[in-house]
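What follows is one structure encoded as structure tokens, with my remarks underneath.
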2 protein chains.
Amino acid sequence: MKELSCTKCLLKNLCIPKHLKAADFKEFEDIIKHSHTLNRGEHIHHQDEPINSLFIIRSGSVKQYVSRNNNEEQILDFFLPGELIGLDSFNMPFYGNSVIALESTSYCTLPLSKFKSLYEKMPILQEAMLNLMSKTISSEKEMLLSACNKSADARFATFLLGLSRRYSTLGYPENQIHLSMSRQEMGNYLGLTSETVSRIITRFQNDKLISVNQKDINIPNMTKFENVCTSICH
Amino acid sequence: MKELSCTKCLLKNLCIPKHLKAADFKEFEDIIKHSHTLNRGEHIHHQDEPINSLFIIRSGSVKQYVSRNNNEEQILDFFLPGELIGLDSFNMPFYGNSVIALESTSYCTLPLSKFKSLYEKMPILQEAMLNLMSKTISSEKEMLLSACNKSADARFATFLLGLSRRYSTLGYPENQIHLSMSRQEMGNYLGLTSETVSRIITRFQNDKLISVNQKDINIPNMTKFENVCTSICH
DNA sequence: ACCACAAATTGATCTAGATCAATTCAATTA
DNA sequence: TAATTGAATTGATCTAGATCAATTTGTGGT
């Protein structure tokens with residue numbers, strides 16, 4: 001574990017600290033544990049382990065999933081750098097899901113007990129958390145809506161656009177997306193089979209909406225893609 | 001508007017005040033506006049109006065929905081007595097959806113500005129809200145998962161079981177459910193057509209899983225129903 | 001450079017649930 | 001009590017996407 005600080009972190013303007021004033025920032029920096037690293041396939045936490053921390057992705061990416069009866073998995077979410085994991089674990093004694101690295105990944109750990117005591121005395125942090133949770137709740141509603149009512153094409157396009165936007169807030173070019181997950185994982189997340197995802201990708205490619213090289217997707221005309229997106233997504 | 005108090009409210013042990021100690025309870029009671037009443041079809045708030053309050057259903061029920069382009073609606077949620085509306089509106093200037101009464105309904109209003117100042121100084125309220133939002137986030141994830149992967153039967157069964165549980169925490173018998181929404185509204189919410197919902201209901205009835213009289217559903221054997229539920233929902 | 005194994009693509013079918021259409025039923029009003 | 005209207009049911013088809021199956025392509029290990 002490298003001892004990096006929030007002060008030196010490239011994500012400091014995207015992550016929780018961005019909300020905090022100097023004094024609070026210092027205190028926050030003291031309780032967070034910086035930069036654990038993982039290889040692909042290693043877990044941040046497992047389902048049914050006792051909950052003790054929140055996590056923030058620093059680099060790389062992870063998937064959050066639950067295992068069902070017959071150890072088939074259902075993917076709930078993907079997390080990219082700067083994103084906070086654990087908003088769904090404040091009211092539970094054990095993690096309801098597992099989080100595993102999709103590639104080489106580093107992350108910070110935020111012990112829940114310490115976080116809660118900070119929370120009590122930092123109105124700004126409270127505001128930030130309420131906003132974040134609120135946003136999460138509405139975007140999940142949005143997803144839900146999309147899952148029920150959109151075509152496979154629309155769902156996949158929305159997913160891509162979402163990734164593009166998230167990466168672009170990180171400073172990456174918005175038309176260049178590297179997929180750290182497999183076709184089957186995207187399908188699982190979107191409620192589609194890997195075959196369907198594959199077919200959609202080839203079709204989008206034929207229609208010159210995207211160009212694909214393995215896990216790298218290029219969107220040659222962003223406005224066009226967005227328009228198609230909004231048109232097929234109603 | 002009748003001036004009822006939390007003290008006298010039948011829901012006081014289910015609603016936010018249940019978390020508060022005497023002094024806080026008093027203060028909370030002072031900022032909440034009690035018991036507005038609505039007839040079926042009247043709104044609590046409309047999409048795109050400025051956000052100023054949270055709401056708690058006191059009696060009756062409502063649906064939360066968004067209107068799309070071609071003024072078709074998509075139902076996001078139903079709310080029953082004791083349930084808090086507005087967890088998704090902390091970070092927005094305008095309501096992203098509308099809420100309309102499905103039957104004669106009364107509700108309380110919790111001005112957001114006043115709520116926030118209470119929030120800052122009541123750690124117990126903070127704890128309660130984090131838990132509530134956290135629970136909402138995980139149950140939405142659960143819904144999402146179910147929407148993508150479960151059969152129509154399973155989704156409908158899960159929906160019924162959910163209603164049964166919510167009504168039973170209110171003290172109603174868990175095997176007797178009154179549906180305040182139409183088949184088409186259930187379908188809309190679940191991502192199914194009203195025809196499909198209707199067919200599922202007749203089939204469940206033939207299989208003696210439920211008995212139906214219009215909008216009243218009876219579950220003769222709760223354990224059996226729960227078992228079927230868990231078996232068809234994987 | 002070769003082998004073994006996993007991921008991706010592509011094709012051929014199958015099916016759950018949508019769509020379209022026709023009654024039937026229930027509630028409300030006159 | 002009849003008439004009107006919207007909801008619910010039921011039946012007949014259609015289709016998006018699943019499933020099954022066969023290659024092809026890519027990747028990591030020796």
Side-chain angles (χ1 to χ4, degrees), chain A residues 39-42 63 70 72-75 100 102-104 146-160 178-207 210-217 232-234, chain B residues 39-41 63 70 72-75 100 102-104 146-160 177-207 210-217 232-234:
Chain A
N39 294 319
R40 173 177 164 79
E42 292 179 329
K63 70 175 176 190
N70 23 5
E72 76 199 272
E73 77 175 28
Q74 170 60 46
I75 297 173
I100 191 174
L102 291 168
E103 57 191 315
S104 295
S146 132
C148 285
N149 295 288
K150 287 182 184 172
S151 67
D153 282 15
R155 258 182 286 168
F156 181 75
T158 310
F159 173 72
L160 261 196
H178 179 77
L179 301 170
S180 58
M181 69 295 284
S182 68
R183 309 288 193 253
Q184 121 75 20
E185 286 168 323
M186 289 188 275
N188 181 303
Y189 176 64
L190 296 169
L192 303 170
T193 59
S194 63
E195 292 95 325
T196 300
V197 171
S198 189
R199 282 183 242 267
I200 292 171
I201 289 177
T202 21
R203 194 148 31 74
F204 278 13
Q205 212 171 355
N206 292 340
D207 298 350
I210 58 178
S211 72
V212 183
N213 183 343
Q214 302 291 114
K215 305 217 154 199
D216 290 303
I217 304 235
I232 59 183
C233 307
H234 291 250
Chain B
N39 295 319
R40 173 180 166 78
K63 70 175 174 188
N70 22 7
E72 74 199 275
E73 78 175 27
Q74 171 60 47
I75 298 173
I100 191 174
L102 291 168
E103 58 191 315
S104 296
S146 130
C148 286
N149 295 288
K150 288 181 183 172
S151 67
D153 282 16
R155 258 182 286 165
F156 180 75
T158 310
F159 172 72
L160 259 196
I177 302 161
H178 179 78
L179 301 170
S180 57
M181 69 295 285
S182 68
R183 309 289 193 253
Q184 123 73 20
E185 286 167 323
M186 289 188 274
N188 181 302
Y189 176 65
L190 296 169
L192 304 170
T193 59
S194 63
E195 292 95 324
T196 302
V197 170
S198 188
R199 281 183 242 268
I200 293 172
I201 290 177
T202 23
R203 193 148 30 73
F204 278 13
Q205 212 171 355
N206 292 339
D207 299 350
I210 59 178
S211 72
V212 182
N213 183 343
Q214 301 292 114
K215 304 217 156 201
D216 291 303
I217 303 234
I232 60 183
C233 307
H234 292 251

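For the numbers below, each heavy atom of this structure counts, side chains included, while hydrogens, waters and symmetry mates do not. Bear in mind that the values here come from a model prediction, so they are computed numbers and not experimental data. All chains are named by letter (A, B, ...) in the order of the sequence lines, taking the proteins before the strands, and each is independently numbered beginning at 1.
Put simply, the side chain of Ile210(A) reaches to within 4.5 Å of the side chain of Leu160(A), judged on heavy atoms. Within the 4.5 Å cutoff, side-chain heavy atoms of Phe156(B) are placed close to those of Ile201(B).
At whole-Å resolution of the value, CD in Gln184(B) and P in dG17(C) are 18 Å apart. Atom CD of Glu195(A) and atom C1' of dA7(C) are 11 Å apart (whole Å). For the pair Glu185(A) CD and dA7(C) C1', the interatomic distance rounds to 11 Å; values are reported in whole Å. In this structure, the CG atom of Leu179(A) is 15 Å from the P atom of dA7(C), given to the nearest Å. Between Ile200(B) atom CD1 and dG17(C) atom P the separation is 7 Å, expressed in whole Å. Between the CE atom of Met181(B) and the C1' atom of dA8(D) there is a distance of 16 Å, given to the nearest Å. Nucleotide dG17(D) holds its P atom 16 Å from the CE atom of Met186(A), rounded to whole Å. Asn213(B) has its CG atom 13 Å from the P atom of dA8(D), to the nearest Å.
Taking only side-chain nitrogens and oxygens, Ser182(B) never comes nearer than 4.0 Å to OP1 or OP2 of dA7(D). Dashed line: the shortest gap from a side-chain N or O of Thr196(B) to OP1 or OP2 of dA16(C) is not under 4.0 Å. Taking side-chain N and O atoms only, Arg183(B) has a distance below 4.0 Å to OP1 or OP2 of dT9(D). OP1 or OP2 of dA26(C) lies within a sub-4.0 Å distance of a side-chain N or O belonging to Gln214(B). Phosphate contact (OP1/OP2 of dA7(D), side-chain N/O of Ser198(B), threshold under 4.0 Å): absent.
Between the side chain of Arg40(B) and the main chain of Leu102(B), a donor-acceptor pair closer than 3.5 Å is present. Between the side chain of Ser198(A) and the backbone N or O of Ser194(A) there is no donor-acceptor pair closer than 3.5 Å.
In this structure, Gly191(A) reaches the sugar-phosphate backbone alone: every heavy-atom distance under 4.0 Å involves primed, P, OP1 or OP2 atoms, never a base. Within the 4.0 angstrom heavy-atom criterion, no nucleotide atom of any strand lies near Ser194(B). Contacts of Leu192(B) with the nucleic acid, taken as non-hydrogen atoms under 4.0 Å apart, involve only primed sugar atoms and P, OP1 or OP2.
Rounded to 10 degrees, the angle between the two end axes of the helix from dA1(C)-dT30(D) to dA30(C)-dT1(D) is 50°, with five pairs used at each end.
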**Message:** Test side-chain contact (heavy atoms from CB on, under 4.5 Å) on Lys63(B) and Glu185(B); report intermediate values, then the result.
**Reply:** CA-CA 9 Å; Lys63(B) 70 175 174 188; Glu185(B) 286 167 323; 2.7 Å; yes
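Taking each heavy atom of Met186(A) and Leu179(A) in turn, the nearest pair found is CE-CD1, 3.7 Å. Shown here for Leu192(A) and Ala152(A), the closest heavy-atom pair between the two residues is CD2-CB, 3.7 Å.
Side-chain atoms of Arg199(A) and base atoms of dG11(C) include a donor and an acceptor less than 3.5 Å apart.
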